[in-house]
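Order of appearance sets the numbers: ligands from 1, and atoms from 1 within every ligand.
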Amino acid sequence: MNVNTLALVQMCVFCIQATSLGAEPLPDLAFHSSQSLDGEWRIIIDPYETGFYDYRYQQRDRSRNPNRSETFYLDAKPTNPSDRVEYDFDRSPTLRVPGDWNTQMPELYYYEGSVWYRKSFEAKRTDGERAFLRFGAANYRADVYLNGSKLGMHVGGFTPFSFEVTGQLKSGTNSLVVRVDNKRHKSGVPTLNTDWWNYGGLTRSVKLVHTSAQFISEHRLHLESDDSNTLVGWVKVEGAAEGDTAEVVIAELRVHASAETDRSGLARFRIETPGVERWSPEQPRLYDVVFRYGNDSISEPIGFRTVRTRGKEILLNGEPVFLRGISIHEELALDGGGRVNSPAKAKQLLEWAKQLHCNFVRLAHYPHNESMTRLADKMGLMVWSEVPVYWTIDWANDQTYQLAEQQVVEMIRRDASRASVIIWSLANETPTSDARNRFLSRLARKTRALDPTRLVSAAMEKHGKRGEPNVNVVQDPLADIVDVVAFNEYVGWYDGLPDKCDRVSWEIPYDKPVVVSEFGGGAKYGFHGDKTQRWTEEFQADIYRQTLPMLDKIDGFVGCTPWALVDFRSPRRVLPDIQAGFNRKGLISDSGQKKEAFYVLRDYYQMRAADGDE
Ligand code: GCU
């Protein structure tokens with residue numbers, strides 16, 4: 001086959017973007033008994049997709065015509081000295097899971113392509129039980145095989161997915177093979193261009209989950225309204241018969257409620273809970289809630305609070321709140337690290353936010369590790385959670401829409417019980433167009449249908465008013481759809497110099513709360529000079545000193561999430577000695593040192609907190 005045909009095949013095969021096949025969210029698998037498959041996995045780096053495609057037959061996927069010698073997911077071994085098997089996981093290098101591959105192997109630092117992961121593990125099949133493989137996330141596309149048979153495929157790098165393996169699991173040694181491909185696609189979510197590192201790999205935990213034949217797969221429980229002590233919600237039981245009983249137990253509140261399942265296994269609850277304490281940043285009260293069905297039970301710490309808007313206010317538990325926030329990428333480059341892959345690293349980031357006197361964090365631009373939102377529950381930090389519908393998405397492409405919607409569904413179903421999560425964000429800095437407006441309003445409808453208890457927003461853009469250089473306008477059809485009008489602004493960095501802030505006024509013609517979802521500027525830690533010298537800590541601090549009073553003048557300003565907490569990797573940032581592969585808009589350097597602007601923002605938030613955020 002000549003090179004041109006091969007290239008042609010490669011080109012058309014690779015640009016086809018499917019949505020997930022066979023992958024199921026099943027959120028409560030996270031709480032059932034499980035066996036961790038984290039640790040060292042054997043890998044094969046496969047830039048030419050040798051293990052996936054058989055170019056001789058132009059078949060798209062080897063699973064249609066597997067041959068032992070090159071089909072990696074068969075995890076084959078030569079059966080005799082003349083047998084030809086051209087790979088061997090047992091003699092191949094390893095990568096740690098969970099973790100990105102980029103910071104584990106220098107040769108993979110910039111790598112975008114496929115890597116095959118193999119884990120051999122012992123398991124025991126138990127009659128009458130079901131078994132699932134649950135992945136916390138894999139960036140970007142994962143094709144999953146167990147004991148040589150394909151379970152399915154998942155696309156999207158930041159949300160959990162699972163496959164049932166009751167039929168495929170063996171008692172004894174099992175071979176789990178996952179092809180992870182982090183190539184970017186125009187039709188992808190995110191699309192080709194972003195300002196963060198495209199970390200590839202099994203970036204979050206993998207586990208084998210065992211359940212009974214009927215098991216609790218999902219639940220919702222929330223306060224009905226600001227001033228009621230009524231919890232409403234449901235429990236979904238896989239395999240339950242109509243008329244079976246499910247229970248909710250909250251010992252501290254002397255609650256022991258039961259309800260009958262309907263034909264779909266759903267049991268609805270309405271529970272009076274006198275004296276239930278509300279969750280808030282000042283008092284992040286969580287209750288151990290047990291959900292039970294027969295001998296199957298799961299428990300989860302859940303906080304109860306309400307959030308809504310009233311005109312230009314955001315009300316938490318019926319009281320106006322100011323969001324003292326910061327934007328965070330799910331990265332901790334400390335000690336050469338990459339993607340946050342442990343609760344300890346998540347804690348480090350949130351503790352830094354706490355040191356800033358934050359009560360709010362924007363987890364940008366994709367759903368972060370679930371330990372992040374769980375810790376936010378415990379630490380009393382409200383959360384903005386976002387899907388990577390970022391910049392120039394392929395708006396008119398319905399497959400792209402399906403991918404975005406799938407990520408919204410997986411994000412909401414994973415974190416629906418997180419009291420900390422108050423805002424679902426649908427997009428970041430997306431230029432208005434009819435296709436874009438249709439796409440995002442459809443996504444907003446889906447989001448509200450899935451979760452009517454939280455606010456919907458998106459990071460929009462501001463524009464200069466024609467003929468009035470010092471007037472900035474936020475005018476976007478999306479602002480009519482969302483609950484909170486949020487926008488990114490870089491007056492003083494991309495737009496003029498810091499002193500421009502003093503001259504700028506804002507036109508934001510919506511009777512809705514306003515959140516400034518990004519502002520800031522770059523600085524190299526330890527680089528000092530006059531405040532007019534770009535990249536110095538003084539210049540960055542001056543942007544903060546000038547911006548905060550400007551924002552305080554905005555009618556309806558209820559909070560902000562400056563960009564960003566920590567310097568983070570980005571292939572777009574190439575200025576030698578200053579950026580060197582990092583976006584330097586962090587208030588903390590990639591080696592954990594606080595810049596001058598960190599203290600400017602801390603003092604402002606301290607003052608706001610002291611004034612009771614009024
Ligand atoms: C944008 C974008 C960020 C980016 C930032 C920057 O607003 O949302 O992802 O990193 O600007 O330019 O630093």
Geometric N/O contact Asn583 with ligand 1, under 3.5 angstrom: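 Yes, at least one N or O pair falls under 3.5 Å.
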
Can you list the ligand 1 atoms lying under 4.0 Å from a non-hydrogen atom of [X]?
X: Asn488; answer: 7 (O), 8 (O)
X: Arg573; answer: 6 (C), 12 (O), 13 (O)
X: Asn428; answer: 2 (C), 8 (O)
X: His365; answer: 3 (C), 8 (O), 9 (O)

Using a strict 4.0 Å threshold on nitrogen-to-oxygen distance, state whether [X] and [Y] make a salt bridge.
X: Arg584; Y: Asp590; value: yes
X: Arg442; Y: Asp398; value: yes
X: Lys594; Y: Glu537; value: no
X: Asp46; Y: Arg179; value: no
X: Asp476; Y: Arg436; value: yes
X: Arg413; Y: Asp451; value: no
X: Arg141; Y: Asp143; value: yes

Shortest protein heavy-atom distance from [atom], along with the residue and atom involved:
atom: atom 11 (O) of ligand 1; value: Glu518 OE1, 3.4 Å
atom: atom 7 (O) of ligand 1; value: Glu429 OE2, 2.4 Å
atom: atom 13 (O) of ligand 1; value: Lys585 NZ, 2.6 Å
atom: atom 10 (O) of ligand 1; value: Asp195 OD2, 2.5 Å
atom: atom 12 (O) of ligand 1; value: Tyr494 OH, 2.5 Å

Applying a 4.0 Å heavy-atom criterion (strictly less than), which segment of [X] is in contact with ligand 1: side chain, backbone, both, or neither?
X: Phe568; result: side chain
X: Trp196; result: neither
X: Thr194; result: neither

Set of residues satisfying side-chain contact (heavy atoms from CB on, under 4.5 Å) with respect to Glu410, sequence neighbours excluded: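 Applying side-chain contact (heavy atoms from CB on, under 4.5 Å) to Glu410 gives Pro25, His154, Thr159, Gln406.
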
Reference residue Tyr140; test side-chain contact (heavy atoms from CB on, under 4.5 Å); the match among Lys183, Arg184, His185: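 Per the side-chain contact (heavy atoms from CB on, under 4.5 Å) rule, the option paired with Tyr140 is His185, out of Lys183, Arg184, His185.
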
